[in-house]
Amino acid sequence: MGTPRESRQEQAEAIVERLEAEYPDSTISLRYSNRLELLIAVILSAQCTDERVNKETEHLFAKYDGPEDYANATQDELAEDLSSITYYNSKAGYVRDSCELILEEYDGEVPDTMSELTELPGVGRKTANVVLQHGHDVVEGIVVDTHVQRLSRRLGLTEENRPEKIEQELMELVPGGYWQQFTHLCIDHGRAVCDARNPDCGDCVLADLCPSEKGDSDVDLASGEPW
Ligand code: SF4
């Protein structure tokens with residue numbers, strides 16, 4: 001078991017520093033070329049891999065050009081164009097309805113506030129945070145996805161389970177200039193080393209800081225269960 005820093009703030013700072021050195025080019029892996037494409041890619045990425053989304057949006061973004069195209073498509077046609085994505089039927093509805101609202105209420109532009117974005121169908125705080133950060137350069141929260149959730153718990157930054165609660169706690173701990181990057185660093189480390197089922201603690205740059213480290217700790221703090 002590693003030994004966490006004395007305070008959670010210090011722990012968060014040390015984690016950011018180590019992961020930044022390890023993943024200097026860490027950034028969003030969804031592909032898009034404008035705000036609407038970003039919004040759609042993030043809606044589609046819920047419970048689906050970025051890799052799968054990127055594969056599907058390659059032809060989607062070539063076929064549909066702007067909110068009118070999505071709003072004018074039938075539900076069945078759009079669902080068919082998204083058929084390799086998890087929950088493609090519901091997501092086709094979210095994309096269509098969001099585009100309709102964007103045309104009606106926002107003159108065809110993706111809105112730039114948390115409250116307006118979360119009014120769009122299929123858009124929760126996590127999706128809105130990604131769109132604000134990468135589409136509008138507005139960082140007002142921390143995106144908590146499954147990797148951020150798992151790593152934050154494993155590394156002793158939070159004991160909360162709900163993403164909204166975890167986000168609030170992380171905002172107290174992660175240095176202000178790193179809120180956006182923290183998510184990408186956790187995602188990269190979660191994919192490369194600290195995966196859900198079998199983290200490679202023996203090859204982890206955070207091992208000496210991590211209270212879940214498998215060598216000595218009996219418990220995975222992400223689940224609270226024994227390793
Ligand atoms: S890989 Fe192991 S040591 Fe590293 S952060 Fe994950 S649980 Fe901790």
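Counting convention: from 1, in listed order, for ligands and their atoms alike.
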- Message: So Gln75 and Asn89, do their side chains get closer than 4.5 Å, heavy atoms only?
- Response: yes
- Message: Measuring from atom CG of Leu206 to atom CD of Glu213, what distance do you get when rounded to the nearest 0.5 angstrom?
- Response: 11.0 Å
- Here the atoms of ligand 1 under 4.0 Å from any heavy atom belonging to Arg154 are 7 (S)
- Could you tell me whether Lys63 atom NZ has more than 12 heavy atoms of other residues or ligands within 6.0 Å of it? yes
- How about Cys210: does one of its N, O or S atoms come closer than 2.8 Å to atom 2 (Fe) of ligand 1? no
- Might you confirm whether atom OH of Tyr32 has over 12 heavy atoms from other residues, nucleotides or ligands at distances under 6.0 Å? yes
- Item | Protein heavy atom at shortest distance from atom 6 (Fe) of ligand 1 | Cys194 SG, 2.4 Å
- Message: Students should be able to answer this: which protein heavy-atom is nearest to atom 4 (Fe) of ligand 1, and at what distance?
- Response: Cys204 SG, 2.3 Å
- Query: What atoms of ligand 1 come closer than 4.0 angstrom to any heavy atom of Pro199?
  - Reply: 1 (S)
- Note on the structure: If you scan protein heavy atoms around atom 2 (Fe) of ligand 1, the nearest is Cys201 SG, 2.3 Å
- Judged by modelled atom types alone, do Glu169 and Thr158 share a side-chain donor-acceptor pair under 3.5 Å? yes
- Contacting atoms of ligand 1, where contact means under 4.0 angstrom from a heavy atom of Ala207: 3 (S)
- Message: I'd like to know if Lys214 contacts ligand 1, where contact means a heavy-atom distance under 4.0 Å to any ligand atom.
- Response: no
- Message: Below 30° counts as parallel, above 60° as perpendicular, anything between as tilted: where do the rings of Tyr70 and Tyr64 land?
- Response: parallel
